[in-house]
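Residue indices begin at 1 and follow the sequence shown. In listed order, ligands and their atoms are each counted from 1.
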Amino acid sequence: MDGNRCEIEKVLVSEEEIDSITTRIAAEIDRDYAGEDCQLVLLCILKGSIVFMGDLMKKVTVPLEIDCMKVSSYGAGTQTTGNVNIHLDLLRPDIDKCDILIIEDIIDSGVTLSYLKKYLIGKGAKSVRTCTLLDKPSRRKVEFTPDYCGTEIPDEFVVGYGLDYDEKYRALPYVGVLHPSVYSKE
Ligand code: IMP
Ligand code: MG
């Protein structure tokens with residue numbers, strides 16, 4: 001058995017559930033960005049959203065472009081630092097024409113997405129909405145509601161389907177709860 005999987009306490013969102021989530025959200029995006037004057041840009045927040053973004057973009061049928069930003073609010077562990085650092089910025093001369101949909105893996109404190117949304121509006125984006133696969137509403141430090149949400153989850157540290165702990169577990173095909181013994185030495 002794959003060593004990674006032994007450290008997963010339980011599967012929280014299965015491959016089948018993720019598949020129906022991406023199908024549903026893609027249909028919502030198709031409905032909301034159907035206008036001819038839309039210039040939809042799916043903005044992948046590296047690295048955690050790579051897998052979700054890849055699956056979701058294949059199911060969206062309206063014309064779209066993709067872009068990436070790399071930000072961090074976490075250090076190596078399981079707690080947010082509360083500060084957002086931009087490691088890779090969005091550099092587009094046509095940002096005033098872009099309808100940006102930020103694709104995030106998970107919302108926890110809300111700090112990252114509320115900062116990013118304000119940041120992109122401040123850069124002059126035509127519109128900015130947010131989409132997350134997972135939401136932990138009980139963990140909010142700042143008020144934030146995403147426009148598109150895969151599923152709400154309880155306050156547990158999860159990995160897989162792009163999400164990591166200390167850069168590991170990203171390639172698991174499902175979202176699982178990490179066994180606390182893995183990070184209890186933090
Ligand atoms: P926020 O700024 O606190 O909302 O944090 C959002 C970011 O924290 C996400 O993009 C993830 O990178 C990370 N994060 C939050 N909760 C988890 C988790 O349970 N597993 C893995 N990463 C997480
Ligand atoms: Mg992330």
Side-chain angles (χ1 to χ4, degrees), residues 4-15 17-18 21-22 25 42-57 66-90 100-122 128-186:
N4 269 348
R5 289 171 199 238
C6 303
E7 289 152 10
I8 302 301
E9 197 173 68
K10 64 174 184 253
V11 174
L12 201 61
V13 193
S14 68
E15 288 184 71
E17 286 168 310
I18 292 171
I21 285 170
T22 51
I25 295 180
L42 298 185
L43 180 62
C44 179
I45 306 305
L46 301 173
K47 303 173 210 169
S49 308
I50 285 182
V51 187
F52 178 42
M53 170 90 165
D55 282 348
L56 184 65
M57 63 189 269
I66 63 167
D67 229 312
C68 297
M69 281 183 77
K70 187 166 193 294
V71 303
S72 68
S73 67
Y74 274 43
T78 62
Q79 297 295 318
T80 179
T81 60
N83 299 315
V84 180
N85 299 305
I86 295 181
H87 304 286
L88 175 68
D89 204 348
L90 177 66
I100 296 176
L101 180 54
I102 304 173
I103 308 295
E104 179 63 302
D105 50 359
I106 186 165
I107 307 179
D108 184 66
S109 68
V111 169
T112 304
L113 274 190
S114 61
Y115 174 86
L116 265 183
K117 190 170 177 177
K118 283 192 204 112
Y119 178 75
L120 292 166
I121 290 168
V128 182
R129 286 188 186 144
T130 55
C131 170
T132 187
L133 173 67
L134 305 169
D135 190 1
K136 288 191 219 174
S138 64
R139 297 261 306 171
R140 284 297 190 283
K141 286 189 183 151
V142 297
E143 213 175 293
F144 192 85
T145 307
D147 298 287
Y148 306 89
C149 176
T151 185
E152 293 187 357
I153 61 167
D155 178 13
E156 291 184 286
F157 194 81
V158 292
V159 293
Y161 198 70
L163 291 107
D164 73 310
Y165 170 69
D166 206 10
E167 296 300 329
K168 296 184 220 25
Y169 313 102
R170 292 192 196 274
L172 293 175
Y174 52 78
V175 174
V177 177
L178 188 60
H179 206 288
S181 64
V182 177
Y183 55 81
S184 58
K185 290 164 232 102
E186 242 183 47

From CA spacing to verdict: side chain to side chain donor-acceptor pair (under 3.5 Å), Tyr165, Glu7: CA-CA 11 Å; Tyr165 170 69; Glu7 289 152 10; over 6 Å; no

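Ring geometry for Tyr183 versus Phe157: interplanar angle over 60°, hence perpendicular rather than tilted (30 to 60°).
Among the atoms of Gly110, some N or O lies under 3.5 angstrom from an N or O of ligand 1.
Residue-ligand proximity, Glu104 to ligand 1, at heavy-atom distances under 4.0 Å covers atoms 10 (O). Close approach to Thr112 involves these atoms of ligand 1, each under 4.0 Å from a residue heavy atom: 1 (P), 2 (O), 5 (O), 6 (C). Listed by number with element, the atoms of ligand 1 under 4.0 angstrom from any heavy atom of Val111 are 2 (O), 4 (O). Taking every heavy atom of Asp164 and a limit of under 4.0 angstrom, the matching atoms of ligand 1 come to 21 (C).
At least one donor-acceptor pair closer than 3.5 Å links the side chain of Ser14 to the backbone N or O of Glu17.
Under 4.0 Å from ligand 1, the heavy atoms of Ser73 that appear belong solely to its side chain. Neither the backbone nor the side chain of Lys141 comes within contact range of ligand 1; no heavy atom lies under 4.0 Å. Of all the heavy atoms of Leu163, the ones lying under 4.0 Å from any atom of ligand 1 belong exclusively to the side chain. Looking at Lys136 against ligand 1, only its side chain comes within 4.0 Å, counting heavy atoms.
Glu156 counts as a contact of ligand 1, since one of its heavy atoms falls under 4.0 Å from the ligand. The closest approach between Val159 and ligand 1 stays at or above 4.0 Å for every heavy atom of the residue.
Counting all heavy atoms, side chain and backbone alike, Asp155 lies closest to Lys136 at CA-CD, 4.3 Å. A pairwise comparison of heavy atoms in Val84 and Val71 identifies CG1-CB, 4.1 Å as the closest pair. Arg140 approaches Asp108 most closely through the heavy-atom pair NH1-O, 3.2 Å.
When Phe157, Tyr165, Tyr169 are checked for heavy-atom proximity to atom 17 (C) of ligand 1, Phe157 turns out nearest. Taking each of Ile106, Ile153, Leu133 in turn, the one with a heavy atom nearest to atom 6 (C) of ligand 1 proves to be Ile106.
With sequence neighbours left out, the side chain to side chain contact (heavy atoms under 4.5 Å, CB included) criterion links Glu167 to Lys47, Asp164, Arg170. By the side chain to side chain contact (heavy atoms under 4.5 Å, CB included) test, Asp67 pairs with Val41, Leu43, Leu90, Arg92, sequence neighbours left out.
Expressed to the nearest 0.5 Å, how far CD of Glu152 lies from OG1 of Thr132 amounts to 10.5 Å.
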